[in-house]
There are 2 protein chains.
Amino acid sequence: MSRTGAVILGLVALRPRSGYEIKAAVDSSTRFFWAASYGQIYPELKRLEEGGLIAGEPAPRGARRRRVFRITPAGREAFDAWLAQPEFSWELRDEGLLKLFFADLLPPAAALELVRARRAAHERFLARLRAIQPGPGPVAGAARFPDLVLEYGIGMNEWAIGWCDEVERALSSADERPG
Amino acid sequence: MSRTGAVILGLVALRPRSGYEIKAAVDSSTRFFWAASYGQIYPELKRLEEGGLIAGEPAPRGARRRRVFRITPAGREAFDAWLAQPEFSWELRDEGLLKLFFADLLPPAAALELVRARRAAHERFLARLRAIQPGPGPVAGAARFPDLVLEYGIGMNEWAIGWCDEVERALSSADERPG
DNA sequence: ACACACATGTAAGGCGTTACATGATTCC
DNA sequence: GGAATCATGTAACGCCTTACATGTGTGT
């Protein structure tokens, strides 16, 4: 089972969903640390069903055909096995950091511009994250992990904005007093 | 020009290098926000040379064949154009956050274990980053952007460790006082 | 003699995105 | 009538990793 398969499995474990609903759920939650497109989701649903990890049933709305998938016992088992494993891959592709890494090759003003643009990007990101509603209130000390992960994203971007501010300040003062 | 092409272009802009040296430079610097393997580097070198952005010359060491690439004026132009553009893609695949997102489906003890494992991973990451030597001392107010980016990685991981600590604490107290 | 670092590449395969194709329903 | 949303899928392509193949030089 691929990791994108695990996302799908997890979402249908929470409640039965159609492919379309899975895509919507991904886009409003895991997208920032695990994205998925239709081009992955539908073929993966097929594979998971063939593997007996999920089961789909027709659930049309009017004449609009629609299939809803629920997790099977075997699927739940596979999902739990993945989930409990405390090992995880991590991969980042950050073109902004890449440009900053090479910014010595740029005139100071252009480098400063890069930092400001990065700050603005974090600000936009933050706004999108803050627009996401946290789940229903704390259920008697329950963990509400999706909210924790949302807080992680928010905190991370706030930290990054602070970093940009520091760098901007350092760069500006170095600019004023060259040599 | 692809973004991995830009990394290669930037590294040979700093100084002429062989494919092997590019791989080593990537592994000890950009790897954490932009990785590259031999399977990308050598074909990309070929493409960049064919496009006239870099020029390779034989530079054998003994009987060991070796080619060193330097950037051409056209290459430098293309690189600068990419570098100055304050737009950048950003993509994260974080399996740890994914597991945390679904951790409501796990017994509390196992969820706690996930947080601890993430903390340990950040700790290891931090150790690797701190092992990287910063470049030569500040050259009269020069920016030393690679060092700034290194500091970014260090600061980010320190922040993440703090987040893990907070979550661990919240989880432990909820565990002691259930309901 | 053996292991490890230096050095250059290719082939196969996995993962993922984008664009396209199709059609129903709802809202203005 | 038109646009947006709901809904399912496929095809082509790009990017990247892994594994392999080959050979030299250095240190023990």
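Proteins get letters first, then strands, A, B, ... in listed order; numbering begins at 1 in each.
Checked for salt-bridge contact, B/Arg66 and B/Glu21 meet the test: a charged N lies under 4.0 Å from a carboxylate O. Look at A/Asp165 and A/Arg169 and you find no salt bridge, because none of the NZ, NE, NH1 or NH2 atoms lies under 4.0 Å from a carboxylate O. A salt bridge links A/Glu158 to A/Arg130: one of the charged nitrogens lies within less than 4.0 Å of a carboxylate oxygen.
Applying the side chain to side chain donor-acceptor pair (under 3.5 Å) criterion to B/Arg47, with sequence neighbours excluded, gives B/Glu44. Residues that satisfy the side chain to side chain donor-acceptor pair (under 3.5 Å) test with A/Arg64, not counting sequence neighbours, are absent from this structure. For A/Arg93, there are no side chain to side chain donor-acceptor pair (under 3.5 Å) partners, not counting sequence neighbours. For B/Glu87, the side chain to side chain donor-acceptor pair (under 3.5 Å) test picks out no residue, with sequence neighbours left out.
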Protein-nucleic acid N or O pairs under 3.5 Å, nucleotides 24-28 of chain D:
unit_1: D/dT24; atom_1: O2; unit_2: B/Arg64; atom_2: NH1; d: 2.5
unit_1: D/dG25; atom_1: OP1; unit_2: B/Ala63; atom_2: N; d: 2.7
unit_1: D/dG25; atom_1: O4'; unit_2: B/Arg64; atom_2: NH1; d: 3.2

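We find the CG-CG distance between A/Asp147 and B/Asp104 to be 8.5 Å, quoted to the nearest 0.5 Å. Going from atom CG of A/Leu45 over to atom CD1 of A/Ile54 covers 4.5 Å, rounded to the nearest 0.5 Å. Here the CH2 atom belonging to A/Trp163 is positioned 6.5 Å from the CZ atom belonging to A/Arg118, to the nearest 0.5 angstrom.
In this structure, the CG atom of A/Asp27 is 13 Å from the P atom of D/dT5, given to the nearest Å.
Residues of residues 31-45 of chain B that place a heavy atom closer than 4.0 Å to DNA chain C, in numerical order, are B/Tyr38, B/Gly39, B/Tyr42. Heavy-atom distances under 4.0 Å link DNA chain D to A/Arg93 of residues 80-95 of chain A, given in residue order. Within residues 2-19 of chain B, the residues approached by DNA chain D to less than 4.0 Å at the level of any non-hydrogen atom are B/Thr4, in residue-number order.
Residue pairs meeting the ring-ring contact (aromatic ring centres under 6.0 Å, His included) criterion with at least one partner in residues 110-133 of chain B, sequence neighbours excluded, are A/Trp90-B/Phe125, B/Phe32-B/Phe125. Applying the ring-ring contact (aromatic ring centres under 6.0 Å, His included) test to every pair with at least one member in residues 51-80 of chain A, sequence neighbours left out, gives these pairs: A/Phe79-A/Trp82, A/Phe79-B/Phe102. Every pair passing salt bridge (charged side-chain N to carboxylate O under 4.0 Å, His left out) that includes a residue from residues 120-129 of chain A is listed here, sequence neighbours excluded: A/Arg119-A/Glu123.
At a threshold of 4.5 Å between non-hydrogen side-chain atoms, the residues A/Arg76 and B/Leu105 count as touching.
Chain B approaches DNA chain C over the interval C/dA5 to C/dT17, counting the first and last nucleotide 5' to 3' with an atom under 4.0 Å from its heavy atoms.
B/Val68 and B/Val26 fall into different hydrophobic clusters, defined by Ile, Leu, Val, Met, Phe, Trp and Tyr side-chain heavy atoms under 4.5 Å apart, directly or through other members.
Map B/Glu21 and B/Lys46 each onto its nearest nucleotide of DNA chain C; the residue landing nearer the 5' end is B/Glu21.
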